[in-house]
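Chain identifiers are assigned alphabetically (A, B, ...) following the order of the sequence lines, protein sequences preceding nucleic acid strands; residue numbering begins at 1 within each chain. Below, each value reflects all heavy atoms present in this structure, side chains not excepted, and no hydrogens, waters or symmetry copies. None of the values given here were measured: they were computed from a predicted structure.
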Amino acid sequence: MFFRILGKDLKRKRVMNVLLLLFVILSATFASASINNMVSVYGGIDYFFDKAGMPDFITLTMNSDGVNPTEDIVRNSVSVTSYQREDLFFYNAKNLKKDGKVYVDFENPGIVTSVSGARLTYFNGDNEEITEISPGHVYLGGLLNDPEKVHPGDVITLELSGRSREFIVDGYVKDALFGSPFLGNPRMLMNDGDYDYFLSDETIRSASCGCAYYINTDDGKALKKELTAVKNALFGESISTIKITYLLDMLTAVLMMVVGICLILISFAMLSFTIKFTLNEDFREIGVMKAVGLRNSSIRGLYLIKYLCIACVGAVIGYACSIPFAKLLLESVSRRILLGNDNYELIGLISAAAVVAVIVAFCYSCTKGIKKLSPVDAVRNGETGERFKKKSVLKLSKSRLPENLFLALNDVLSKPRQYVSMVVTFTMCILLVTMLANTSNTLMSEKLIFLFGTTESDAYYNSTEKIMETMGSDDPDILDHIIEDIEKELKDNGMPGKVHVELMYTLPVEFGNEKMNVIMQQCKDTQASEYKYITGSAPMYANEIAFTPQIIDELGARIGDRVLIEINGEKREFIITATMSSFNQVGKIGRLHEAVDVNVNDASSAMAFQIDFDDDPDAEEIDARIGRMKDIFDTDKIYNAADFVNMSTGSAQTMSDAKDLVLLIALIIAALVTVLMERSFISKETPEIALMKAIGFKTRSICAQHTLRFVVLTVICTCIASVLTVPLTRLISDRVFAIMGAQSGFEYEIRPLEIFAIYPLAVAGVVIVSALLTSLYIKSVRADAMGNIE
Amino acid sequence: MNKVIDVKDLCKTYVVNKKQNNVLRNVNFSVEEGEMVAIMGPSGSGKSTLLYTVSGMDKMTAGNVTFCGKELESLSDNEMADVRLEDMGFIFQQMYMMKNLTILDNIILPAVKSKRNKGNRSAVEKKGRALMKKLGIGETADNDINEVSGGQLQRACICRSMINDPKVIFADEPTGALNRTSSDEVMEEMVKLNNEGTTVMLVTHDAKVAAKCGRVLYIVDGNIRGEYKLGRFERSETLRDRERQLNNWLMEMGW
């Protein structure tokens with residue numbers, strides 16, 4: 001009997017049950033896939049580091065006269081428990097060619113390691129350890145682990161200092177140190193013979209060789225202090241910082257998780273609405289069941305079994321869908337990371353089962369309403385007798401609104417509780433998209449330019465070659481010559497302007513007992529006061545300095561304290577006058593006053609050459625000139641301010657792609673919710689629709705009235721979302737930016753047209769079209785169907 | 001007198017579980033302008049189906065219904081809606097109203113919708129209030145529908161059916177859900193309405209209600225078995241006599 005009633009109910013409310021099933025499927029799919037993704041990525045990084053043999057600390061330094069300055073320190077340090085040295089040499093994008101053209105354009109110096117000299121364990125695409133490479137073959141990793149640009153089987157040529165050799169790309173290498181796109185130094189792993197061929201060249205040995213030290217320590221702080229003696233370290237970070245560089249992978253996983261949670265919440269909102277709606281609809285049946293002696297628990301059981309059935313079926317289908325979906329989500333991550341999660345199925349099953357359990361528990365609490373219904377409800381038309389609650393809000397006789405708009409507005413205002421779940425859903429949809437759009441727009445906006453420690457210029461010319469030329473030379477004036485050359489070239493081409501560049505120096509900083517290497521930025525051609533600071537005042541004299549809060553915290557210092565910095569072999573005292581925000585070095589950086597005399601040849605790296613044209617051209621002219629400069633300097637790496645930020649953050653595109661995916665999901669959810677709700681309204685309001693038809697309303701007029709309700713709702717949702725989007729973006733993205741290094745002092749790029757018009761309109765459009773199409777079902781309601789409460 | 005309704009060979013068949021149920025079989029009758037016609041018959045005889053089919057609320061299976069010179073079958077849904085809005089009024093056994101509107105707003109809703117009253121909402125409101133006052137429910141204008149009695153609500157339904165000055169009012173057991181006092185009040189209003197020139201066609205089980213009509217059609221198994229002409233009801237003292245005549249006739253018909 002129980003199951004016969006259930007069967008009838010499933011059949012009778014087919015459309016609503018199918019829509020409910022769809023929501024459960026979506027929830028289960030997202031819950032399973034995103035939890036799987038989270039577990040895989042989060043646990044995967046630890047697993048990968050463990051299998052790759054990542055140590056506690058890694059430092060990367062250029063050799064000086066064939067000797068690496070780190071060797072003595074690590075060999076004699078008491079805080080080092082063990083270490084391994086990996087020999088390597090550097091190359092840049094122009095050294096790697098295919099068919100005579102640059103193979104892949106990249107900014108960071110590339111690293112070449114021999115397979116037997118490798119001290120980390122490297123894995124190929126099949127997760128097998130790479131122990132052997134044939135002569136003339138290479139594996140590529142880091143930024144070169146990109147199937148859009150690099151294809152196994154490609155024949156490439158490495159040309160360095162007159163030495164040249166052709167290689168066949170065997171595949172991608174999973175590199176724990178440079179696997180994240182945030183670091184992304186292109187790694188090339190080759191045969192020992194090939195490696196030695198390049199190393200046999202004296203110029204390469206003296207100017208391009210370096211070492212990576214993989215150090216295990218029992219006192220990280222002491223080790224850091226000791227390593228401050230190493231000048232010009234290219235890289236020196238603990239394993240925890242390197243893990244942070246995988247933040248983007250984590251962000252995508254978290255984002256999917258958030259979308260999954262939102263979907264589950266929306267499913268609950270829908271469930272809550274549907275259950276309450278069904279109970280309202282079934283008042284007569286429930287009353288009769290009570291009248292004939294059925295207990296509350298039996299009646300609740302009837303409903304619970306129905307939802308349990310829907311939840312189980314939905315969870316099974318959702319789980320099945322989650323397997324390919326999870327694989328899709330993990331595809332880009334698993335290409336770079338050795339994932340150790342072999343329990344996809346189990347995690348997916350547990351997540352899907354959790355969705356069922358939560359839905360059934362939720363349904364149980366929602367069916368509490370059954371207790372309140374009494375047998376008398378069966379004869380009192382669903383009212384308990386405790387009535388006299390005012391329902392009408394607006395008055396048609398006093399209103400000047402068109403009748404359809406009046407009826408729609410009055411309906412929304414008269415039964416606000418009925419629309420809460422929809423307002424929450426649509427607002428959430430708009431907010432999810434606009435928050436991501438705000439973040440991705442900010443990440444590609446020139447407003448963040450100061451977070452890279454640069455002033456705003458007309459154009460940014462990135463040249464690893466020229467910077468490496470400076471670093472590898474003994475000529476103290478080489479940078480001035482390079483700048484003069486660029487300026488001359490610009491002038492000769494009718495674009496006179498000033499050029500300057502931000503150099504970075506790794507300098508040991510002491511405060512009390514604390515000692516650490518800090519990357520310092522300095523530009524001789526700008527003034528320290530031209531940069532943005534969070535607190536304090538800009539360094540005004542050569543003995544003043546600014547740090548990021550991360551450095552100040554690590555040193556235990558405050559503004560006004562004096563620190564000792566070793567420059568050109570001499571310890572000098574500096575007063576901390578300000579704090580600043582920066583994305584550089586994950587926020588661990590300082591700024592020297594322009595008057596501080598540092599040898600440019602000691603620079604460890606540099607930002608782009610910044611170009612400020614003399615004639616102050618407009619944005620259009622700047623873009624045109626950038627195009628011309630690309631031809632003049634034969635490079636693509638010349639950007640305007642916004643593109644420079646976009647290129648430097650590297651995450652804007654990921655965020656933008658995620659936003660597009662979330663927008664698609666949001667639109668699907670909005671459409672599904674609208675169809676479910678409108679279908680429910682038609683079912684619930686059949687007598688009223690019939691009455692309206694009976695008194696002469698045309699079907700299109702009733703459809704318009706129903707659709708207008710959704711218009712009213714989307715207007716309300718847009719208003720709420722418009723108020724909340726900026727504070728919520730700040731609340732969430734401030735934390736993301738803080739992890740990336742910038743703790744405060746930046747503004748978000750809010751594009752009003754996009755945030756307050758395009759995305760809300762997209763959601764509203766989908767909602768309104770869905771509502772209109774669903775409302776066409778009203779045509780099937782006959783004018784004499786007033787008594788048909790079903 | 002003009003025929004406002006002319007029904008020829010009207011058939012209505014429902015198909016339930018692949019079985020045909022012929023509810024109306026070749027029904028023929030007509031209603032003159034200003035008439036008040038009652039349809040009576042045993043339960044399941046097809047009274048309400050006849051009313052709904054004749055008023056165009058339900059589709060006929062075969063036959064022809066002419067309403068004020070228009071063949072209902074040939075009208076599109078939109079044209080039918082216009083006819084219902086401008087020329088027909090409906091009163092139902094259950095007092096169906098829009099839950100979120102006040103009594104007055106429910107009454108004036110068809111008038112607001114009507115093209116005749118476009119842009120003249122204050123006149124519509126005035127007319128609605130006047131109708132309510134006339135039917136003795138003026139004080140309930142701003143009440144919600146759950147704040148008034150069944151009798152008041154049914155009178156509000158009558159007001160709504162009258163708001164656009166329809167040519168014909170169709171009523172499906174208008175007093176079925178009311179007690180005797182309320183029933184008498186409602187019928188009194190219907191008779192007044194008829195006396196003012198509105199054609200009324202109603203379905204009822206109650207001989208006392210039917211006795212107030214000028215003509216009674218008796219339907220059995222989807223066929224009109226007979227009709228009884230009582231003539232216009234003008235004086236309440238004649239009601240008892242009309243009721244007796246009607247009951248005698250109904251007994252003859254097998255009531």
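- The number of heavy atoms from other shown groups lying within 6.0 Å of CZ (F29(B)) is above 12.
- At a 4.5 Å heavy-atom cutoff, the contact between R700(A) and chain B is made by side-chain atoms alone.
- For N78(B), the parts lying near chain A are the backbone and the side chain together; criterion is any non-hydrogen pair under 4.5 Å.
- Interface check for chain A: of the options R129(B), R160(B), E86(B), M88(B), the most heavy-atom pairs under 4.5 Å are formed by R160(B).
- No more than 12 heavy atoms of other residues, nucleotides or ligands shown are found within 6.0 angstrom of CG on D221(B).
- Atoms CG and CG, from N100(B) and L396(A) in turn, are 12.5 Å apart once rounded to the nearest 0.5 Å.
- Taking a cutoff of 4.0 Å between a charged side-chain nitrogen and a carboxylate oxygen, D105(B) and K395(A) do not qualify as a salt bridge.
- With a threshold of 4.5 angstrom between heavy atoms, V112(B) approaches chain A through its backbone and through its side chain.
- With a 4.5 angstrom heavy-atom cutoff, I163(B) does not touch chain A via any of its atoms.
- Between M692(A) and K113(B), the closest side-chain pair of non-hydrogen atoms is not below 4.5 Å.
- Of the inter-residue distances, the one linking M98(B) atom CE with N410(A) atom CG reads 9.0 Å to the nearest 0.5 angstrom.
- With contacts defined as side-chain heavy-atom distances shorter than 4.5 Å, the pair L109(B)/F406(A) does not qualify.
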Residue pair I695(A), N164(B): steps toward the side chain to side chain contact (heavy atoms under 4.5 Å, CB included) verdict: CA-CA 10 Å; I695(A) 62 175; N164(B) 277 345; over 6 Å; no
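- The shortest heavy-atom contact between Y96(B) and L691(A) is O-CD2, 3.5 Å.
- A donor-acceptor pair under 3.5 Å is formed between the side chain of R84(B) and the backbone N or O of K693(A).
- Atom CD of E403(A) and atom OG of S114(B) lie 10.0 Å apart (nearest 0.5 Å).
- Heavy atoms of other residues, nucleotides or ligands lying less than 6.0 angstrom from NZ of K167(B) number 12 at most.
- Shortest non-hydrogen contact noted between F697(A) and A81(B) is O-CB, 4.0 Å.
- When atom types are taken as modelled, the side chain of R121(B) and the backbone of S399(A) share a donor-acceptor pair closer than 3.5 angstrom.
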